[in-house]
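Scroll down for the structure; my scribbles are underneath it.
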Amino acid sequence: MADRFDTQLIELGITLTEKQKRQFHRYYELLVEWNKVMNLTGITEYDEVNEKHFVDSLAIIKAVKMEEIHSVIDIGTGAGFPGIPLKIAFPHLKVVLLDSLQKRIRFLDTVIEELGLEDVETLHGRAEDYAKRKEYREQFDLCVSRAVANLATLSEYCIPYICVGGSFVSYKSGNVEEELDGSKKAIRLLGGELTGVVKFQLPGTEIGRSFVKIKKNESTKKRYPRKAGLPAKEPLV
C-alpha cells in the first residue's frame, strides 16, 4: 500500500495489518475493474480512491468509538462506502450493506467473497421497506450513510434501524448548518436527538467534512418510515 495512505490513517489513529492492507488493495482493484462496465464511482486514481473513499470512510473514528460498536448498517452503500472499509479496519463488526440497485449488490458480494470478509450481509431493496422488518428494525448499534440526500430524508431512512441508545451518523460535506435547521423536526419525530457535529479536514488535504451525530432516545413510532418514496418527496420538515 502507498505510504501516503498509511500516513493518513496513522493521523486518524489507525494502523493496518498486512492482511488489511492487502484487502484494501484488492478492493481498489475490484472497484476499478467493475467500474469499467458499471457506474460505481467517478474516482478511480489510486491515491484519490484511498483518500476520498477509504480514509474518508474510516474518519468516522473522529466521532464514534468504533471498538464499542458491534453492529452497523450502511444505508445507500453504493460501492460499499463506508461499510466495507469499516469492516476491513474493524473486523469485529457485524455489517449490513443496503442498496437499491441489484448490480451494486452483485459487486459487493464479489468484494466480500474475494476479501474473505465474514459477518457481512448485503440487502437489495429500499430503506423504507427493510425498516419495517423485525429482523432489521431497531437492531443496530450504529447506522451510517454517505448517501447524497437531505438530512431530514436520511433520518427517516436511518433512525428506524438503530436500537434505543444507538446512533445514526451522517457523512456530510463541510457546510451543514442549513440542513441541520431543516431536519430538527424529523429527528425528534423519529425518536432521535442531534448530539453534535464533528467537523474536520481529511488528513493531509483541504477537504472539509462533517459528521452529524444523532442519538436515539426512544423507539421510532410504527408509522415511520412512511411508504417508499415519501421520505424523499415530502421530508418531515
Side-chain angles (χ1 to χ4, degrees), residues 38-43 52-53 56-57 59-60 63-64 72-86 95-105 107-108 122-133 136-138 140 142-162 166-199 207-216 220-221 223-237:
M38 58 187 281
N39 182 28
L40 290 168
T41 178
I43 300 167
K52 294 178 181 176
H53 286 322
D56 186 60
S57 293
I60 194 173
V64 178
V72 179
I73 185 165
D74 178 4
I75 302 296
T77 187
F81 310 122
I84 287 181
L86 290 175
V95 176
V96 173
L97 307 169
L98 184 148
D99 200 83
S100 60
L101 278 183
Q102 181 65 58
K103 59 185 180 179
R104 288 193 197 128
I105 295 296
F107 166 70
L108 296 171
T122 57
L123 299 178
H124 169 236
R126 301 192 63 139
E128 301 99 316
D129 297 330
Y130 276 103
K132 299 289 188 185
R133 297 195 190 183
Y136 299 107
R137 188 178 183 88
E138 302 196 329
F140 298 89
L142 177 65
C143 179
V144 291
S145 184
R146 279 175 99 222
V148 180
N150 176 286
L151 187 58
T153 299
L154 271 181
S155 294
E156 191 169 355
Y157 290 157
C158 294
I159 292 175
Y161 286 96
I162 51 179
S167 298
F168 162 44
V169 176
S170 176
Y171 288 63
K172 290 287 184 182
S173 58
N175 192 9
V176 293
E177 277 67 28
E178 194 173 317
E179 270 197 73
L180 293 178
D181 288 340
S183 64
K184 287 175 181 173
K185 178 183 175 184
I187 292 167
R188 188 181 70 252
L189 284 173
L190 295 158
E193 174 193 5
L194 179 66
T195 57
V197 179
V198 178
K199 294 190 174 189
I207 300 170
R209 300 293 275 145
S210 296
F211 287 117
V212 180
K213 297 177 63 178
I214 294 165
K215 185 176 180 183
K216 187 159 180 174
T220 303
K221 293 182 175 67
R223 72 174 78 108
Y224 302 118
R226 292 165 294 163
K227 67 180 183 180
L230 265 183
K233 192 186 292 182
E234 299 174 17
L236 295 167
V237 293

task = Report the C-alpha separation of Ile75 and Phe168 in whole Å, then their side-chain angles, then the decisive distance to 0.1 Å, and conclude whether the side chain to side chain contact (heavy atoms under 4.5 Å, CB included) test is met.
result = CA-CA 10 Å; Ile75 302 296; Phe168 162 44; over 6 Å; no
Can you tell me how far apart [atom1] ([X]) and [atom2] ([Y]) are? Round to the nearest 0.5 Å.
| X | Y | atom1 | atom2 | value |
| --- | --- | --- | --- | --- |
| Leu151 | Leu194 | CG | CG | 8.0 Å |
| Cys143 | Ile162 | SG | CD1 | 6.5 Å |
| Asn150 | Glu179 | CG | CD | 5.5 Å |
| Tyr130 | His124 | OH | NE2 | 8.0 Å |
| Asp74 | Asp99 | CG | CG | 8.5 Å |
| Ile214 | Ser183 | CD1 | OG | 6.0 Å |

Please name the pair of heavy atoms, one in [X] and one in [Y], separated by the smallest distance, quoted to 0.1 Å.
| X | Y | value |
| --- | --- | --- |
| Thr220 | Pro160 | OG1-CA, 3.8 Å |
| Tyr171 | Asp56 | CE2-O, 3.3 Å |
| Leu154 | Ala147 | CD1-O, 3.8 Å |
| Ile159 | Lys216 | O-NZ, 2.8 Å |
| Ala79 | Phe107 | O-CE2, 3.5 Å |
| Pro85 | Gly80 | CD-O, 3.3 Å |

Counterpart residues, salt bridge (charged side-chain N to carboxylate O under 4.0 Å, His left out), relative to Lys215 (two or more places apart) = none
query = How about Leu123 and Tyr136: do any of their side-chain heavy atoms sit closer than 4.5 Å?
reply = yes
Flag side-chain contact, heavy atom, 4.5 Å: Glu177 against Asn175 = yes
query = Which of these, Val144, Val176, Val169, Val197, sits in a side chain to side chain contact (heavy atoms under 4.5 Å, CB included) with Phe211?
reply = Val169
ask   = Do you know which of Val96, Val95, Leu108 makes side chain to side chain contact (heavy atoms under 4.5 Å, CB included) with Thr122?
value = Leu108
Judged by atom type as modelled, is there a donor-acceptor pair below 3.5 Å linking the side chain of [X] to the main-chain atoms of [Y]?
| X | Y | value |
| --- | --- | --- |
| Arg137 | Ala131 | yes |
| Arg209 | Lys172 | yes |
| Ser210 | Lys199 | no |

request  = Give the intermediate values and the outcome of side chain to side chain contact (heavy atoms under 4.5 Å, CB included) for residues Glu128 and Tyr157.
outcome  = CA-CA 6 Å; Glu128 301 99 316; Tyr157 290 157; 3.5 Å; yes
Residue Lys132 excluded, over 12 heavy atoms near NZ under 6.0 Å = yes
Heavy-atom neighbours of Glu178 CD exceed 12 at 6.0 Å = no
task = Could you walk me through whether Ser167 and Lys213 pass side chain to side chain contact (heavy atoms under 4.5 Å, CB included), step by step?
result = CA-CA 7 Å; Ser167 298; Lys213 297 177 63 178; 5.9 Å; no
Show me, pair by pair, the donor-acceptor contacts under 3.5 angstrom made by side chains of residues 224-237, not counting sequence neighbours?
unit_1, atom_1, unit_2, atom_2, d
Arg226, NE, Glu156, OE1, 3.4
Arg226, NE, Glu156, OE2, 2.9
Arg226, NH1, Glu234, O, 3.1
Arg226, NH2, Glu156, OE1, 2.8
Arg226, NH2, Glu234, O, 2.6

inquiry  = Run Leu142 and Ile60 through side chain to side chain contact (heavy atoms under 4.5 Å, CB included) and show every step you take.
reply    = CA-CA 11 Å; Leu142 177 65; Ile60 194 173; 4.3 Å; yes
key: Asp181/Lys184 salt bridge by N-O under 4.0 Å criterion   = yes
